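This is a predicted model, so every value here is computed, not measured. For the numbers below, each heavy atom of this structure counts, side chains included, while hydrogens, waters and symmetry mates do not. Counting starts at 1 for both ligands and their atoms, in listed order. Position 1 is the first residue of the sequence; numbering continues from there.
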Amino acid sequence: MDKKRLLFEKLRLSDINCGYSYQAEAKGNNELRIKSYNPTDGTLLAEVTSAGDHEYKQVCANAHRAFMKWRDTPAPVRGQLIRDLGNILREYREPLGELISLEMGKIRSEGIGEVQEMIDICDFAVGLSRQLYGLTIASERPAHRMAEQYHPLGTVGVITAFNFPTAVWAWNAAIAVVCGNSVIWKPSELTPLCAVAVNRLAADIANRHNIDGLFGLLCGTGNIGQKLAEDPNVSLISFTGSVSTGKKVAVTVSERLGKMILELGGNNALIVSDKADLDLALKATVFGSVGTAGQRCTTTRRLIIQRSVSEAFTQRLLKAYRSVRIGNPLQEGILMGPLVNRQALDNMQKAIKIALEQGGTLLFGGNPLPDIGPYFAEPAIIKMPAQTDIVKSETFAPILYVIEFDTFEQALHLHNEVRQGLSGALFTRDLQEAELFTSSCGADTGIANINIGTSGAEIGGAFGGEKETGGGREAGSDAWKAYMRRQTNTINRSGDLPLAQGGKMDV
Ligand code: NAD
């Protein structure tokens with residue numbers, strides 16, 4: 001039996017492999033199929049039927065029914081379901097990780113790391129299920145009590161990008177569910193198999209807890225995402241994707257005054273000061289810029305480096321880049337897999353051309369590698385004379401722009417001079433530089449790290465960014481509050497009706 005078939009069998013996807021579509025019962029848009037390709041060799045992995053109108057209505061109705069029951073289930077009991085979800089993900093850690101590699105193209109250890117991230121957020125959410133704290137507030141009126149409570153919202157629509165085909169769903173779903181909501185997932189059309197595999201596991205767990213419909217799935221193109229964004233019955237839209245799509249979603253949801261979380265593109269910089277531990281900075285730069293073939297929202301896209309250490313550091317960087325092993329992401333020892341498709345490769349080539357037109361010097365790579373596979377390319381390093389337009393836009397590919405600075409103030413200015421605001425990093429041993437970078441006058445990003453690169457966040461912190469990155473926060477800290485509605489209660493046991501602000505009214 002070939003490897004793909006074995007993997008599909010392990011993940012109970014054989015029906016898809018055999019040509020039977022898991023949504024074959026869906027009426028309506030039955031002809032519309034999403035094709036899932038293996039980015040490593042460009043071959044077709046499977047076809048999944050897109051959800052039609054009938055299925056859309058059914059999934060939404062089931063999610064609503066689930067919510068009506070779930071909202072009144074004690075939160076710690078809701079946590080038990082998420083504990084079971086975490087446990088089944090532990091069981092399927094390796095095959096799921098491999099499926100992520102196969103369908104998205106990230107290397108096997110990153111695929112497995114992504115599943116680990118799902119497990120971690122489940123653990124976090126289980127603890128959270130006993131900590132959905134509100135406040136008590138001192139009332140100015142005698143024998144009155146004021147309190148703040150958090151209640152479930154309803155159905156949460158989770159629209160996800162291709163590059164984290166499962167973890168982003170889990171960041172949202174695990175928290176949304178302990179908060180008492182149901183979830184409908186619209187995954188990227190590039191990675192439907194990952195979504196089917198994970199959602200089946202989640203739906204089985206929900207079924208075991210007698211709460212069918214808690215995890216809905218709608219595979220399809222952006223049209224289905226658009227429909228969810230328009231739907232007034234979807235209480236919260238959590239959207240992860242590009243800035244351009246995010247802007248459309250923002251307009252659609254705002255038009256109905258709906259709630260949303262936006263997790264959009266980044267253009268992350270790593271600053272290397274001449275006071276840095278350069279060994280550390282080198283490792284972080286390589287990991288941040290070539291990891292996931294430059295297709296992380298937190299990928300290091302800009303290296304802002306002090307002129308006095310630039311030449312020596314760049315030479316070491318070039319040496320490190322030469323040693324990066326590029327190839328089949330499921331193969332041992334490979335550090336960088338393919339880009340996701342032809343368009344991603346074309347975008348990379350276009351960006352390199354523009355960067356050179358804007359005065360850049362290509363220091364390394366950038367060539368397609370058709371002998372390895374149709375969407376492989378060498379990672380590129382381009383030295384720029386200034387932070388030009390192309391450097392200020394996010395190209396979702398392994399291109400690292402190098403820009404030099406003389407003073408730390410210049411470095412900070414360059415760091416903040418882009419429209420995106422997701423993640424930033426500073427390498428320095430200087431306390432003042434470090435403190436300034438993380439101060440109110442420092443980095444304007446949602447994530448700002450010292451002596452750690454731009455990517456690889458832990459789930460315990462709130463994840464998200466400012467400016468065109470959208471302002472949303474997901475995962476840890478108090479990000480859960482976005483999945484609940486806040487209610488202020490005043491309870492009067494006085495037998496009288498004193499008014500606030502000492503007001504008087506004779507009736
Ligand atoms: P994309 O914007 O092309 O697609 C994202 C999702 O939006 C897909 O599911 C797509 O089908 C859907 N969609 C398309 N049109 C829509 C519409 N009109 N209404 C609603 N949904 C619609 O993004 P992508 O190429 O899949 O992902 C890469 C981008 O995502 C990069 O910009 C990356 O930085 C960003 N990203 C951000 C984060 C973060 O947390 N900030 C995480 C991962 C990826």
**Asked** Taking the side chain from Gln358 and the backbone from Ile390, do they hold a donor-acceptor pair closer than 3.5 Å?
**Response** yes
**Asked** What about Thr221: any of its N or O atoms under 3.5 Å from an N or O on ligand 1?
**Response** no
**Request:** List every atom of ligand 1 that sits less than 4.0 Å from any heavy atom of Val249, numbering the atoms from 1 in the order shown and giving each element.
**Result:** 19 (N), 20 (C)
**Request:** Look up atom CG in Leu369 and atom CG in Leu345, then write down how far apart they are to the nearest 0.5 Å.
**Result:** 9.0 Å
**Asked** Is the shortest N/O to N/O distance between Leu422 and ligand 1 below 3.5 Å?
**Response** no
**Item:** Glu417 with Lys392: basic N within carboxylate O range, under 4.0 Å
**Value:** yes
**Request:** Report yes or no: do Tyr321 and Ser289 form a side-chain donor-acceptor pair below 3.5 Å?
**Result:** yes
**Nearest protein heavy atom with distance in Å, relative to atom 7 (O) of ligand 1** = Phe239 CE1, 3.1 Å
**Complete:** Note: ligand 1 atoms sitting under 4.0 Å from heavy atoms of Phe463 are 39 (C), 40 (O)
**Item:** Under 3.5 Å donor-acceptor, Asn172 side chain and Glu474 backbone
**Value:** no
**Request:** Around atom 28 (C) of ligand 1, find the nearest protein heavy atom and jot down its residue, atom name and distance.
**Result:** Phe396 CE2, 3.7 Å
**Fill in**
Heavy-atom proximity to atom 35 (C) of ligand 1, picking from Ala161, Gly241, Ser423, Gly266, points to Gly241
**Asked** Any idea which atoms of ligand 1 are less than 4.0 Å away from a heavy-atom of Glu263?
**Response** 37 (C), 38 (C), 39 (C), 40 (O), 41 (N)
**Message:** Taking 4.0 angstrom as the limit and counting only heavy atoms of Cys297, give me the atoms of ligand 1 inside it, by number and element.
**Reply:** 34 (O), 36 (N), 37 (C), 38 (C), 39 (C), 40 (O), 42 (C), 43 (C), 44 (C)
**Message:** A cation-pi test, strictly: NZ or CZ of Lys106 under 6.0 Å from the centre of the six-membered ring of Phe164 and no more than 45 degrees from its axis. Yes or no?
**Reply:** yes
**Request:** Only one of Thr299, Thr300, Thr292 passes side chain to side chain donor-acceptor pair (under 3.5 Å) with Arg296; say which it is.
**Result:** Thr292
**Prompt:** Looking only at distance, does Lys248 have an N or O less than 3.5 Å from an N or O of ligand 1?
**Reply:** no
**Prompt:** Side chain or backbone of Gln295 under 4.0 Å from ligand 1, or both, or neither, by non-hydrogen atoms?
**Reply:** neither
**Prompt:** Any N or O on Leu264 sitting closer than 3.5 Å to an N or O of ligand 1?
**Reply:** yes
**Request:** For residues Asn181 and Ser235, determine if any side-chain heavy atom of one lies less than 4.5 Å from a side-chain heavy atom of the other.
**Result:** no
**Complete:** In terms of its nearest heavy atom to atom 5 (C) of ligand 1, the top option of Thr252, Thr245, Thr240 is Thr240
**Prompt:** Quick one: nearest non-hydrogen protein atom to atom 10 (C) of ligand 1, plus distance?
**Reply:** Glu189 OE1, 3.5 Å
**Item:** Chi angles and distances behind the side chain to side chain contact (heavy atoms under 4.5 Å, CB included) call for Met104, Cys194
**Value:** CA-CA 9 Å; Met104 184 274 152; Cys194 289; 5.7 Å; no
**Message:** Suppose we measure from atom 34 (O) of ligand 1 to each protein heavy atom; which comes out shortest, and what is that distance?
**Reply:** Glu394 OE2, 2.6 Å
**Fill in**
At under 4.0 Å between heavy atoms, what of Phe164 touches ligand 1? The answer is neither
**Prompt:** With distance as the sole criterion, is a donor-acceptor pair present between the side chains of Thr160 and Trp185 under 3.5 Å?
**Reply:** yes
**Asked** With a 4.0 Å cut-off, would you call Arg33 and Glu189 a salt bridge?
**Response** no
**Message:** Donor-acceptor check, side chain of Glu114 to backbone of Val168, threshold 3.5 angstrom: yes or no?
**Reply:** no
**Prompt:** Backbone N or O of Gly421 within a donor-acceptor pair of the Thr469 side chain at under 3.5 Å?
**Reply:** yes
**Those atoms of ligand 1 less than 4.0 Å from some heavy atom in Gly225** = 19 (N), 20 (C), 21 (N)
**Asked** Under 3.5 Å, N or O to N or O, is Lys186 touching ligand 1 that way?
**Response** yes
**Message:** Tell me the contacting part of Glu474 for ligand 1: side chain, backbone, both, or neither, using a 4.0 Å heavy-atom threshold, strictly below.
**Reply:** neither
**Message:** Can you tell me which portion of Thr160 lies within the under-4.0 Å heavy-atom range of ligand 1? Options are side chain, backbone, both, or neither.
**Reply:** backbone
**Message:** Out of all atoms in ligand 1, which are within 4.0 Å of some heavy atom of Asn163? Include the element for each.
**Reply:** 43 (C), 44 (C)
**Fill in**
For Ser188, the atoms of ligand 1 under 4.0 Å from one of its heavy atoms are 9 (O)
**Asked** So is Pro187 close enough to ligand 1, meaning a heavy atom under 4.0 angstrom away?
**Response** yes
**atom 18 (N) of ligand 1 - nearest protein heavy atom and its distance** = Gln226 OE1, 3.0 Å
**Prompt:** Can you tell me which residue and heavy atom of the protein come closest to atom 24 (P) of ligand 1, and the distance to 0.1 Å?
**Reply:** Phe162 CD2, 3.8 Å
**Message:** Under 4.0 Å from a heavy atom of Ser242: which atoms of ligand 1 are those, numbered in the order shown and with their elements?
**Reply:** 1 (P), 2 (O), 23 (O), 29 (C), 30 (O), 32 (O)
**Prompt:** Can you find a protein heavy atom closer to atom 41 (N) of ligand 1 than 4.0 Å?
**Reply:** yes
**Exam field: side chain Lys186 to backbone Gly157, donor-acceptor pair closer than 3.5 Å** = no
**Prompt:** Would Ile159 count as a contact of ligand 1 if the rule is a heavy atom under 4.0 Å away?
**Reply:** yes
**Message:** Keeping Thr395 on the side-chain end and Ala397 on the backbone end, is there a donor-acceptor pair under 3.5 Å?
**Reply:** no
**Message:** Donor-acceptor check, side chain of Ser477 to backbone of Gly461, threshold 3.5 angstrom: yes or no?
**Reply:** no
